[in-house]
Amino acid sequence: MSLNVNILLCLFLCGEVPGIQSFEQVPWLPCQLVDESVTFNDEGHAETEYQHRDAGLQFGHPGDSALNPNTITFLVTGSKVDMRKYIEGVVEHQLQCEIRRYSTEGPQMRWPGLGAQEHDIWFTCTIRHTDGVFIITSFLRHTPATPTPGQAHYLNWAAIADRAALTTSTVMLVLTRSPSVRVGLVKQQSLHCQFDVDHKAADLTVEWRFQRRGERTTLFSHSSRSGQTEGSGVPLNAIGRGNASLTLPLTKQSSEGTYVCHVSVPPLFGSQDITLQIMEPPRVSLNVDSTVSLVDRGEQKVVCEAEGYYPLDVEMEWFREPSGGGGGLLPEKLDTVLYSSHRHHQDGTYSLSAFFLLHASLHDSGSKYFCRVSHSSQRMPIRKSFTLNITEYDSWNAALWLFSGFGFILVMLATLFVMLPRLSSARKANQVGTSSYLRCVFQVLLVVYIRDTHGIHHPTKCLLADSFSTMQQQ
């Protein structure tokens with residue numbers, strides 16, 4: 001039976017049965033069994049062939065009949081771990097269910113839970129919300145009626161018939177309610193990871209690893225057996241309650257990557273990948289007010305600035321809406337826009353400018369111009385606009401301004417013509433005074449020389465008097 005028929009059956013069972021009010025009461029869920037067949041080629045390399053088969057999860061008790069006998073039924077019986085109680089506020093068509101075989105590899109190891117056998121066969125059941133709200137991976141244990149040595153290994157998996165019914169129980173699950181996270185810079189972010197086990201695990205290990213550009217880093221590790229803890233971000237008392245959520249330091253550009261929550265209880269190893277993306281929306285502004293007033297044939301440079309965005313990909317466009325906005329006319333994209341280069345800032349964000357030279361024309365008066373900025377951090381583009389107001393060019397006013405400017409230049413030239421001779425006379429006077437002062441200094445030095453060499457004192461007074469008298473006259 002096709003998957004569509006399975007979905008219709010689920011809608012009937014889950015939506016039409018009276019009394020069903022939560023997913024915990026859902027008896028059946030359509031799934032896909034991704035079966036694997038491993039063979040070796042002539043060169044000895046393993047090749048895996050995948051086969052997608054219709055299947056279903058049926059929640060009930062051992063011995064229940066299959067609700068849909070035309071598909072493979074995984075009957076999930078009562079256990080301390082119930083995956084349904086972690087699925088909240090959803091309807092069945094929002095869920096994607098996938099079942100895969102799980103190999104414990106290595107030597108067979110008995111699960112420490114109640115009723116487990118060494119020859120148990122394992123499956124993983126992953127339920128995803130179509131809108132990325134959560135991902136739950138559960139481990140299903142099946143005890144075959146006729147055990148076959150080694151059938152739990154991927155090379156010896158037993159075949160499953162098209163209408164087979166396998167009784168299973170959920171022994172462990174790992175889930176996250178944040179499979180994909182978008183966060184801004186310098187923010188506190190918590191990555192959700194939760195687990196549940198059907199017994200008190202004496203050998204529990206919780207790890208968080210960070211993967212970025214091919215490099216792996218262990219952020220946190222705790223082993224209940226050894227009691228050793230490395231790293232930080234996960235409270236130990238929370239692990240005892242099944243909460244392994246990680247609190248990150250303040251985010252930065254290098255925080256972007258994949259975070260992996262590992263929870264292991266041998267022989268089972270569960271994990272959830274959480275993708276963290278840094279998303280910083282742009283701040284958009286214009287260099288003009290909401291109304292721009294220009295004179296006909298005037299010019300104005302208009303700049304649209306997008307600042308502080310991350311990642312790099314951003315789209316900036318300028319449009320013009322004709323005045324009135326009627327007649328069903330679409331905005332016209334401007335093709336004269338120039339762009340700056342991307343500017344990279346120290347915090348990892350970017351900036352970009354888009355500008356054009358606005359030529360004022362009367363027929364454009366009343367038109368609205370808007371800058372539209374699209375970025376992956378925004379569901380809707382950001383718009384910033386202004387309205388253009390054009391006034392008519394007045395030739396008389398222009399002539400008046402021209403005449404006023406010309407008159408001002410004439411006045412300045414006349415003033416300069418009158419003042420220039422006076423400035424020249426003052427300059428010459430200043431030069432004469434300087435020459436007299438230098439002659440005086442020379443005479444004083446000459447008098448001192450005559451007095452010291454010839455012993456003549458009276459000429460000093462006379463020469464000095466003459467010198468100062470001469471300076472005063474000048």
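Quick note: numbers below take in every heavy atom, side chains included, and nothing from hydrogens, waters or symmetry partners.
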**Report entry** Arg84 charged N/C atom sitting above Phe59 aromatic ring, 6.0 Å / 45°
**Finding:**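 The answer is yes; both the distance and angle limits are met.
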Requested in this report: Test the Lys368-Phe386 pair against the cation-pi criterion, namely NZ or CZ under 6.0 angstrom from the six-membered ring centroid and within 45° of the ring axis.
Outcome: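 Here Lys368 fails the 6.0 Å and 45° test against Phe386.
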Is a salt bridge present between [X] and [Y], judged by a nitrogen-to-oxygen distance below 4.0 Å?
{"X": "Glu256", "Y": "Arg182", "value": "no"}
{"X": "Arg320", "Y": "Glu332", "value": "yes"}
{"X": "Asp347", "Y": "Lys252", "value": "no"}

Which atom of [X] lies closest to which atom of [Y], heavy atoms considered:
{"X": "Met172", "Y": "Val263", "result": "CE-O, 3.6 Å"}
{"X": "Glu280", "Y": "Gly184", "result": "OE1-CA, 3.3 Å"}
{"X": "Pro112", "Y": "Pro266", "result": "CD-O, 4.1 Å"}
{"X": "Val337", "Y": "Phe356", "result": "CA-CB, 4.2 Å"}

Nearest 0.5 Å please: distance from the [atom1] atom of [X] over to the [atom2] atom of [Y].
{"X": "Leu219", "Y": "Leu248", "atom1": "CG", "atom2": "CG", "result": "7.5 Å"}
{"X": "His262", "Y": "Thr218", "atom1": "NE2", "atom2": "OG1", "result": "8.5 Å"}
{"X": "Thr176", "Y": "Asp273", "atom1": "OG1", "atom2": "CG", "result": "10.0 Å"}
{"X": "Thr258", "Y": "Ile274", "atom1": "OG1", "atom2": "CD1", "result": "10.0 Å"}
{"X": "Glu317", "Y": "Asp335", "atom1": "CD", "atom2": "CG", "result": "12.0 Å"}
{"X": "Asp313", "Y": "Tyr310", "atom1": "CG", "atom2": "OH", "result": "9.5 Å"}

Query raised in the report: Would a distance-only check, ignoring hydrogens and angles, find a side-chain to backbone donor-acceptor pair under 3.5 Å from Thr168 to Phe74?
Result: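 No: the side chain of Thr168 does not pair with the backbone of Phe74.
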Query raised in the report: Okay, side chain of Gln300, backbone of Val292: is any donor-acceptor separation there less than 3.5 Å?
Result: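 Flag not set: sc Gln300 to bb Val292 has no pair under 3.5 Å.
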Report task. Decide if the gap between the ring center of Tyr102 and the ring center of Phe123 is smaller than 6.0 angstrom. Result ->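 No, they do not, as the ring centres are separated by 6.0 Å or more.
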Query raised in the report: Using the benzene-type ring in the case of Trp, are the ring centres of Trp318 and Tyr369 under 6.0 Å apart?
Result: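 Ring centres of Tyr369 and Trp318 not closer than 6.0 Å.
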**Report entry** Candidate list Arg283, His344, His345, test side chain to side chain donor-acceptor pair (under 3.5 Å), partner Ser351, passing option
**Finding:**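 The passing option is His345.
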Requested in this report: Sort out for me which residue in His199, His142, His119 forms a ring pair (Phe, Tyr, Trp, His ring centres under 6.0 Å) with Trp111.
Outcome: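 Testing Trp111 for a ring pair (Phe, Tyr, Trp, His ring centres under 6.0 Å) against His199, His142, His119 leaves exactly one candidate, His199.
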**Report entry** Arg141 and Thr143: CA distance, side-chain angles, deciding distance, side-chain hydrogen bond (donor to acceptor under 3.5 Å, both in side chains) verdict
**Finding:** CA-CA 7 Å; Arg141 179 180 60 83; Thr143 302; 3.1 Å; yes
Query - Plane angle bin for His342 and Tyr309 - parallel if under 30°, tilted between 30 and 60°, otherwise perpendicular - result: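 Rings of Tyr309 and His342: perpendicular, as their planes differ by over 60°.
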Please determine whether the number of non-hydrogen atoms from other residues, nucleotides or ligands lying under 6.0 Å from atom [atom1] of [X] exceeds 12.
{"X": "Asp131", "atom1": "CG", "value": "yes"}
{"X": "Lys187", "atom1": "NZ", "value": "yes"}
{"X": "Glu49", "atom1": "CD", "value": "no"}
{"X": "Arg343", "atom1": "CZ", "value": "yes"}

Query raised in the report: Judged by modelled atom types alone, do Asp35 and Gln51 share a side-chain donor-acceptor pair under 3.5 Å?
Result: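 No donor-acceptor contact under 3.5 Å links the two side chains.
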Query raised in the report: Should the SG-SG distance of Cys97 and Cys31 be recorded as below 2.5 Å?
Result: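 A disulfide is present here, as the SG pair of Cys97 and Cys31 is separated by less than 2.5 Å.
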